[in-house]
Amino acid sequence: MFGNNKESYPLHKLKLDYTLSLFKTDWKIVEIGEYNWDMDNSSIEYTLQSANKKAYLEVEYIKGDYEVVYSEDISIDEAFLVDAIRDGVIYFEGKEYELEETYTGQYKNPNTFTRRETLESFMFYCKDDILTIEKWDDGTYEAFIGEEVKAKKIKNIKTN
């Protein structure tokens, strides 16, 4: 009964140039980032590239289970991001997102020899949608829109 079930590749151990399918799109991993969060956990972020889109897949492996968030870059004026962090709420594309989680930590790219960068991550939620604002130690901000996905939705992982 179990002999025909092929266990999928561990999502927290993917490498550069691996390919995978998600949301009926084929993606290639073009960059990997490591986050060490100040609350004794870590996550891996894969930068994904399809034929016409760039996205991110952040994977946290906790006690044998995966927490996976798919996201894409969004452009929001920095003043609105600063206000959102202060006020705990942000409006984007007609939806109200409320701040529910804040993390601090360090980021590094293990494939390049760059220094660790410190950041704060602010996660705003509207039902199943997640709007994340990252404030970096150099004073810059980045914003992403995404959603949590089930690990089983990531299919056809292949090494190249």
Classify the ring geometry of [X] against [Y]: parallel below 30°, tilted from 30° to 60°, perpendicular beyond 60°.
X     : Y      : answer
His12 : Tyr61  : parallel
Phe23 : Tyr70  : perpendicular
Tyr56 : Phe144 : perpendicular

Intermediate values then yes/no, side chain to side chain donor-acceptor pair (under 3.5 Å), Tyr125 and Glu101: CA-CA 9 Å; Tyr125 290 83; Glu101 300 174 77; 2.4 Å; yes
Are [X] and [Y] close enough that some pair of their side-chain heavy atoms sits under 4.5 Å apart?
X      : Y      : value
Ile85  : Glu120 : no
Asp17  : Lys28  : yes
Trp27  : Thr47  : no
Asp128 : Glu147 : no
Ile76  : Ile133 : no
Leu20  : Leu14  : yes
Thr159 : Lys15  : no

Please say whether more than 12 non-hydrogen atoms of neighbouring residues, nucleotides or ligands are located less than 6.0 Å from CG in Asp87. yes
Test side chain to side chain contact (heavy atoms under 4.5 Å, CB included) applied to Ile32 and Ile44, step by step: CA-CA 7 Å; Ile32 299 174; Ile44 302 290; 3.8 Å; yes
Looking only at non-hydrogen atoms, find the nearest pair between Gly33 and Tyr107 and report the distance.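 Taking every non-hydrogen atom into account, CA-CE1, 3.5 Å.
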Shortest non-hydrogen contact from Ile90 to Ala84?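 Closest pair (atom of Ile90, atom of Ala84, distance): CB-CB, 3.5 Å.
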Would you sort out whether Trp136 and Glu117 count as a side chain to side chain donor-acceptor pair (under 3.5 Å), showing the intermediate values? CA-CA 7 Å; Trp136 294 88; Glu117 298 177 70; over 6 Å; no
Would Tyr141 and Leu131 show up in the same hydrophobic cluster when neighbours are defined by side-chain heavy atoms closer than 4.5 Å?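 Tyr141 clusters together with Leu131.
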